[in-house]
Structure formats: structure tokens, C-alpha cells
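Some notes on the structure that comes next.
Count residues from 1 along the sequence. These values consider heavy atoms only, across backbone and side chains, with no hydrogens, waters or symmetry-generated copies.
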Amino acid sequence: MKMTSAEVRNAFLSFFNSKNHQVVASSSLVPHDDPTLLFTNAGMNQFKDVFLGIDKRNYSRATTSQRCVRAGGKHNDLENVGYTARHHTFFEMLGNFSFGDYFKEEAIGYAWEFLTEVVKLPKEKLLVTVYQTDDEAFDLWANKIGVPKERIIRIGDKSPEKKFESDNFWQMGDTGPCGPCTEIFYDHGEHIWGGPPGSPEEDGDRFIEIWNVVFMQFNRQADGTMDPLPNPSVDTGMGLERIAAILQGVHSNYEIDIFQNLIAAAVKIIGTNDLENKSLRVIADHIRSCGFLIADGVMPANEGRGYVLRRIIRRAVRHGNKLGATDAFFYKLLPALIAEMGEAYPELQTQLPVIERVLKLEEEQFAKTLDRGLLILDEALSELSCSVIPGDLVFKLYDTYGFPADLTADIARERELSVDEAEFEAAMQAQRERAKQASNFGTDYNDNLIIDSATEFLGYQHLEADVKIVEMYKDGEAQQVLTGGDHAIIVLDQTPFYAESGGQAGDAGELMYQGGSFVVQDTLKVGNAFVHKGYVQGGDLNVQQLVQAKVDSRRRWNTALNHSVTHLLHAALRQTLGEHVTQKGSLVEAARLRFDFSHFEGVSMRSLRQVEHLVNQQIRRNLPVETKVMNLDEAKQAGAMALFGEKYDDDVRVVSMGDFSTELCGGTHVNHTGDIGFFKITSEAGIAAGVRRIEAVTGQFAIDLIHRLAEETEKAANLVKGDQFNIGEKVIQLVDRNKMLEKEVTQLKAKLASAASNDAADQIQTINGVKVLIAFLDGVEGKALRSSVDELKVKLESGVILLGTVNDGKVSLVAGVTKDLTGRVKAGEMVNIAAQGVGGKGGGRPDMAQAGGSNPDGLPKALADVKEWLVEKL
């Protein structure tokens, strides 16, 4: 049965939906609340807390088509992408999941039914693997499904010393949920080399794994103990690209419809005729990962996820350049990507302006980086004393400046040079090790506090309530009694305390009881429980004890002011700057707010004033702030803005402020916008490529800010003998006068430096027929030495110059060599010899170099040492 990739995706989700699975949308490529992952790399990532029992859902069966990226950290396929049939930076993982519902029999049956009856793969083309000791799975395949026993392969541990280390035993990490798995393979036929799994030829391409069904049976402890899970679960994954290749009758994933259409678009945009070039595969793969990563809020940067994205973009651009692209081209592939995947992932279309601008800016920046790298490389090669370019130089160009190592190698070949590959690879390996260590993959999942209780939140209506303690923890251990001074966390059956979420800070306050109180410093969520962090202040506290919970009302109210105004701010930014603006994060506290949003340039003062005006206008309108609980789909149809990447339940809370703002939000708010009083922006700045940040204050904090600004304005006005209404004009007058005086001083210094250099010309010596001037210029600024050297080079016509001076205890040195002599003497070498004598270092071009130092007393000897060096050199 021939099916497009979109048809395969829809058929899979529809099939499992018919088996009572909840169709769950793909989660973001940025794993929320999971420091162990760089990117989402498997369908089960968004359900990890469900498998661990931390999170509870209103369904026990789920199915997804999860977008994944493997291009950094532990799972890094980047270097293979484009050169093998099945490596990608971005791929889609089809999956079905059971959370303590069905187990092996149903999971195996569903997989076989979908493959043989829905997409109608020939049964004789399929073979399966099971874990060596998993007799239950073997019997199900052989006796219930009817797979011939010779096509069921048992896969054991890789060595007797490494128990459970097997291709057919899955583990979330060194600890945590794990269990045996069964894999389904497709036989592409005898005409392709390779053997079945477990054979010496298993790395061939004949037998390709298409589906992995994991049976989560155990919870592995740090000491290796395998504790049976109370509710065994199922986690499966099937690569969309792999199954699509089979159904479309092709062997390589790059031959399926999605990639062929993206490759065709790249051919047209770049204008290449080399249709079989592997670079086209690289570009087609990379536009998918880059488009989705940016849509999910990742921006190019020099570290973390942003660094991986930057590497992928630059790799794509480099391959485009190899195909002949001379202008920015990569972002022009986005319409083709949307045509292929926009229906399944509408965020590509909604985020198109953001993705397009980021890719275009990054490509243009990379072009400048290449130019800069070429200059640095040219300079380094001009001083090279051998025919081998050091590997650490190649790595520095690659790692610091983003200059591709293969381009360095190409230039080396053109100049009949070679690269120290071993040294470069050693530097690369050291970087990989640092990246692995920074990825935190060794996290012990059992360190996570698992709380089974669920807390009912009363805080929308009440700030005080009589409640019961259901659990208490101190240092991660459950407690029955807490005594005075104990720092602990307390779980209540009900609470008026808001738990930190959605950017809003958690509440503080007290749990009061006879004989003492528990001071709540913060409130957080763990699963469905609200945990109150703080300390006991007098009197013992027991589980099941009744306490009076009292929220700090002033802190809650001020926090509500700031939370409500972020909704107004979001809407005002979209009206002022454009619909491409979306929230990228926020922090809402009692004293201030911080709001991050997507935008590609600094917001002008005029636009900021317009935003402030719009927000304060809505505050003065005193709009009612209304909340409704409704179905998620109904809320979206009603125009409520959802933050992409956030998790929402089926029923959501919709907060509307008149006709100005409607958003999904679980936070606490004011009753009317007029309660906010006043809104004032304190700063606006960029925090990443394409992401801006506004900080602001409201209410009394905003009024206090205006008073402080007025006080500072009055101080400044008094200093310039003006008032608050003409202070700007007075400051301009002062600045203009200061510039005039600075110009006069500069001119005087230049005259002094010129006079000093003329006097120094009397010290010209001749060494082996070469004019040499080595001099100390007293009273001359260090930055004036460069122009003095230029003047003296003109006077000498041919010669070598080294000038030094001292200012404020710091030594400045500048060396110059006329062009005809740079083959015999290099300015960089000369200035470095002098710099060593004054405790410094420097560098520059062969004809001009400069250095600094911190030891003025060493300058006379340093100049003398250079003279001796020149006698030998010349």
C-alpha cells in the first residue's frame, strides 16, 4: 500500500484512537522541567512523569506523533546526516502508550494489526526480536500472532559482566523505569547486503528496525536492584520516515515524499544542476530541525540548545555554498516546509515571520563570520613557519568563530599546506567530553520526590482556610512529626496558597495552630500536590493535624497586579509591533514583572511609549477581569491565546479582560483592570537572537519609581542650572562643549606626539644596511604611538620602528615594519620580544603590531633586547 507521509501519520493516530487511545499533541522540542535532556528525542519524553507516577492524566492510553531532534548531547547524529540513508537531525516518532492499562499481549497485537492489516505490509517481510529471557513476549509472537519461531530472535546482554545492557532491554537512564522490549524489523530483500539482528552482518541495510515496543516492568535503583513497577506500562516508537520509505517503495529515507519535495525546492532556490549531491540531503534535513526548533522558542546562541541550532544552520549554509549559493537562501525553503508539514504542525505557519527572520539574520551573520575567519586564517598562515596548520588553530577558528574545519582544509590544499588532523580531532574530542558532562545525563530519577496526594486549590476564592496536613517531608524523607526550627515541606488536603507556575511566584504566609506556626516561604507543585516550603516556628506539628492556612494577602495582591498586567502588555505588544509577537517567558513577583517576547530588533522609545499608553488606557477603562473554565478546543475557538509548548488539561481556565485580552491562564488576577492603578516600563533589552525582555512595575511600586525619577531629575537640573523642562537642552549644551574641548585636547596631544616622533628621528641607526628606530617617547599617550609609527615609516621609506611610552603605570608598545622588509622582520615578533620585558603580550600584522605591559621599569632593557635581536635577525 503506497501512502504519503501525511497519510501514514493520520492512519497511525486514527488506528490507535479507535483503540481508545487519547490523541495527544506533540510536545515542544524543548523539554520542560527536564534537565536531563537537551532536546525531546523520543515520544515518551512528555510522559516521563506519568510513567514515574509523579503526573496524573485523565486517560490511561495515549498516542502521538512526536517531533524529535537528535543533534547534541548524548544523542547526536549531526555528522552522519545526509551521508547515510536514515540519520536525521529531525524526525517524527509515532507512538502508543499505556499507563498501567494494557501490557504485552495488547501492545504486540496492536503493532501487528497496524502493520499487516492497516498499512498491509507482507507478513513474510517482518521478523521480530525479544529480550533473551522474555519468554512471555516470545510465546505471544509465536502462539498468538503466529510468527514462525525462526523469525523470532532472542537478543541477550552484550556481555556477562553487563547485565541488562542489551539492544532489547530499554532503560530511561542509569536509574528509573526500565524493561525488556520487542522490536519489529522489515526485510528489504536479498539484493541488499546485511544480516538479521544478532548476526555478524546486522549493521547492513537489509533488515531495518521499524517499531520498538518497550515493556516498562521495573524501577532500577542506584545499586542495580530491579524493583517491579506496581503498574507495568507500555512505551512504543516507530519512525515515521522509516515506515514511509517502506510504504513508498524506496530504501533511503531521503527518497520519501517530504524530502524529495524539500530537495526539489532547494535545487530551484540555489540553482544547482548536481541533483545527486549529498549536500541537498543535508539542507533538506536541516530546514526541518531549524524551522521547528525556532518555532519552539530556541534561538541561535553560543551555548546550550542555541549553540546546537547555530551549528545546524551554519552546516546547512555551508553545504548551500558548496552547491554554489552566493546569497542568503536557507530561509527561502520555509514555504516548502510548511507545504509538507504545516497541516500537521500549524505552529510553523503562525511562527513563520519569526523563523524566517531568525534564519535570514543568522545566515547573513555567518557570511560576516566567514569573512572574519578568512582574515584571521590569512594572518595566521602568513606567519606560519612550516607546511602544517596546527590543529588547535583549526579548532579555534571552528569553535570560536564558527569557521568550518573543512573550509580551512580546502584553503590549506590550495596553498599546498596540510592540517594537523590528529591535534584537531583531539581538541574536538575534548569538546565532546565537556558537552557530555554538561548534559547531566547521569541524573538519578529516584531523587525526585514522588507525592501521591492531590491538593485541592481554594485560592481563587479564599486567602484563609482550615485545612489538614496529609504529608510532611524533611530532607526528602517522610515525617510524622516536625519540631521547632525544622525546615521542611508540608502537603495539605486543601490550600489557599498558589503554587509557582505559569511564571507566577508561589505564595507565602503561615500555617497556624495552637502553640506555634509553620512559616510558608514558598509554594510549589509536585505532580498534583501543592508543597509548602518553610520552617516550624514553635510547637510540634503532626500528620493529620488541622491547621489554619493564611496567605500573605499583600504579597498575593501585588503579585496579582503584575500578573494581570502581563496579559495587557502581551496584547499591547501585539497591537504595536505585530502579530508575530508571542510570549517566550515571564516572571511575576510582588515587586516587579519580567516579560520575554519574540521580536527581532530593539523596541524604539516611541513604540515603548505606545505600549505603555495602551496598557494604561486599559487600566483606566477599568475592564472587568472574568474567568471561565471551558474545554480547550472551545477556548481556542473563542480566541484565547495559548502559549505554545505549555501543558494544558482538557478543561482550561480562560482569563478575559474586556475586549482587549483573552488568554489561557491558571494564575491569580485582579477583579478589574483599574485595580492595577498604573503601569511603568523600567527597561527593554535583547536577551537572545529574536527574543526581547521588558521589565516593569505596577501600582505603588510604579508610583514610587516616578517619585525617584523626579528626584533624580531635579538633582540633575540643579547641576546644569536648569529645570526639569529644559534639562535636555542644558545637557546637550554641556555635551557639545565637552566634545569641543576633547577635540582641542586631541589636537594638542597629536602635536606633542608629532614633535616627539620628529625628535626621535634623530635616534635612527643603521643595522646591516637597514634603518632602525627604537625609542622611548616621554609624555605621549599610548594610542598616539600608532600614528607616530605611520609618520616615521613614511619618513624612513624603508626601515624598522619600535616606539614605547608609559602612562599611568602602564606600558604601550607599537612596532612597524615597512612592506619591503616584512619578509626579514615581522612586527608581531618584534613587539612580543619587547612585551616580555615589561610583563605583557601583544600581536598584530607583519607590518604593524602593538602590545601592552605592566612593568615600566623593564622598558629600557626591553628596548635594548629588541635592538640585540635585530642585530642577529638582520
Side-chain angles (χ1 to χ4, degrees), residues 1-13 15-16 26 29 39-45 63-71 75-96 111 114-115 118-119 121 125-126 183-188 192 194 205-213 236-266 278 280-293 312 316 333 336-345 348:
M1 175 183 285
K2 188 166 185 176
M3 302 173 73
T4 66
S5 298
E7 288 170 342
V8 175
R9 185 192 300 114
N10 291 335
F12 183 90
L13 297 176
F15 171 78
F16 280 100
S26 170
L29 285 170
F39 298 112
T40 298
N41 59 23
M44 63 79 61
N45 289 163
T63 184
T64 64
S65 179
Q66 174 65 51
R67 54 182 178 275
C68 302
V69 162
R70 290 185 180 176
H75 299 290
N76 187 353
D77 293 338
L78 184 58
E79 300 304 327
N80 294 318
V81 171
Y83 294 94
T84 66
R86 276 166 286 280
H87 275 103
H88 304 291
T89 56
F90 175 95
F91 61 95
E92 290 181 80
M93 186 65 79
L94 304 171
N96 59 285
F114 179 80
L115 291 176
V118 178
V119 300
L121 292 186
K125 283 280 191 179
L126 301 175
E183 296 177 327
I184 305 173
F185 286 75
Y186 181 81
D187 182 357
H188 277 279
I192 296 176
D205 282 340
R206 176 179 172 180
F207 296 91
I208 299 301
E209 176 205 336
I210 56 175
W211 203 329
N212 185 17
V213 184
T236 82
M238 176 166 62
L240 173 63
E241 294 81 4
R242 291 193 179 194
I243 189 66
I246 293 169
L247 294 173
Q248 293 174 26
V250 295
H251 187 251
S252 167
N253 290 359
Y254 289 98
E255 298 175 59
I256 67 174
D257 54 338
I258 289 179
F259 282 110
Q260 285 300 294
N261 293 334
L262 289 173
I263 287 171
K278 294 290 195 296
L280 289 168
R281 291 181 170 191
V282 173
I283 293 167
D285 171 273
H286 288 9
I287 191 61
R288 298 210 303 167
S289 55
C290 293
F292 278 99
L293 283 170
I312 298 173
L333 286 167
L337 176 63
I338 291 172
E340 294 302 315
M341 305 184 72
E343 183 176 349
Y345 301 102
L348 283 175

Minimum heavy-atom distance [X]-[Y], with the two atoms named:
{"X": "I312", "Y": "S289", "value": "CG2-OG, 3.5 Å"}
{"X": "A316", "Y": "I283", "value": "O-CG1, 3.7 Å"}
{"X": "C68", "Y": "A42", "value": "SG-N, 3.6 Å"}
{"X": "I263", "Y": "A284", "value": "CG1-CB, 3.7 Å"}
{"X": "Q248", "Y": "I256", "value": "OE1-CA, 3.2 Å"}
{"X": "L13", "Y": "S65", "value": "CD2-N, 3.9 Å"}

Next on the checklist: Hydrogens and angles aside, do N253 and H88 bring a side-chain donor and acceptor to less than 3.5 Å of each other?
Outcome noted: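 Yes, side-chain donor-acceptor contact under 3.5 Å.
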Got [X] and [Y] here, is their nearest side-chain heavy-atom distance under 4.5 Å?
{"X": "L348", "Y": "F292", "result": "yes"}
{"X": "F39", "Y": "L293", "result": "yes"}
{"X": "L280", "Y": "L262", "result": "no"}
{"X": "M341", "Y": "F90", "result": "yes"}
{"X": "H87", "Y": "R281", "result": "no"}

Checklist entry - Quick one: which of V118, V119, L94 gives a side chain to side chain contact (heavy atoms under 4.5 Å, CB included) with V8? => result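 Filter result, single survivor: L94.
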Tell me whether [X] contacts the main-chain N or O of [Y] through its side chain, where contact means a donor paired with an acceptor under 3.5 Å.
{"X": "T63", "Y": "G95", "result": "yes"}
{"X": "N41", "Y": "R70", "result": "no"}
{"X": "N10", "Y": "A6", "result": "yes"}
{"X": "S26", "Y": "R67", "result": "yes"}

With under 30° as parallel and over 60° as perpendicular, where do the rings of [X] and [Y] fit, or are they tilted in between?
{"X": "Y254", "Y": "F259", "result": "tilted"}
{"X": "W211", "Y": "F16", "result": "perpendicular"}
{"X": "Y186", "Y": "H188", "result": "perpendicular"}

Item to check | NZ/NE/NH1/NH2 to OD/OE distance under 4.0 Å, E241 and R288 | outcome: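 Looking at R288 together with E241, the answer is yes, because their closest N to O distance falls below 4.0 Å.
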Item to check | Residues E92, F12; criterion side chain to side chain contact (heavy atoms under 4.5 Å, CB included); working and verdict | outcome: CA-CA 12 Å; E92 290 181 80; F12 183 90; over 6 Å; no
How many angstroms lie between [atom1] in [X] and [atom2] in [Y], if you round to the nearest 0.5 Å?
{"X": "T4", "Y": "L247", "atom1": "OG1", "atom2": "CG", "value": "10.0 Å"}
{"X": "M238", "Y": "I184", "atom1": "CE", "atom2": "CD1", "value": "8.0 Å"}
{"X": "I338", "Y": "E343", "atom1": "CD1", "atom2": "CD", "value": "13.0 Å"}
{"X": "I208", "Y": "I192", "atom1": "CD1", "atom2": "CD1", "value": "8.0 Å"}
{"X": "Q66", "Y": "L240", "atom1": "CD", "atom2": "CG", "value": "12.5 Å"}
{"X": "E183", "Y": "I210", "atom1": "CD", "atom2": "CD1", "value": "11.0 Å"}

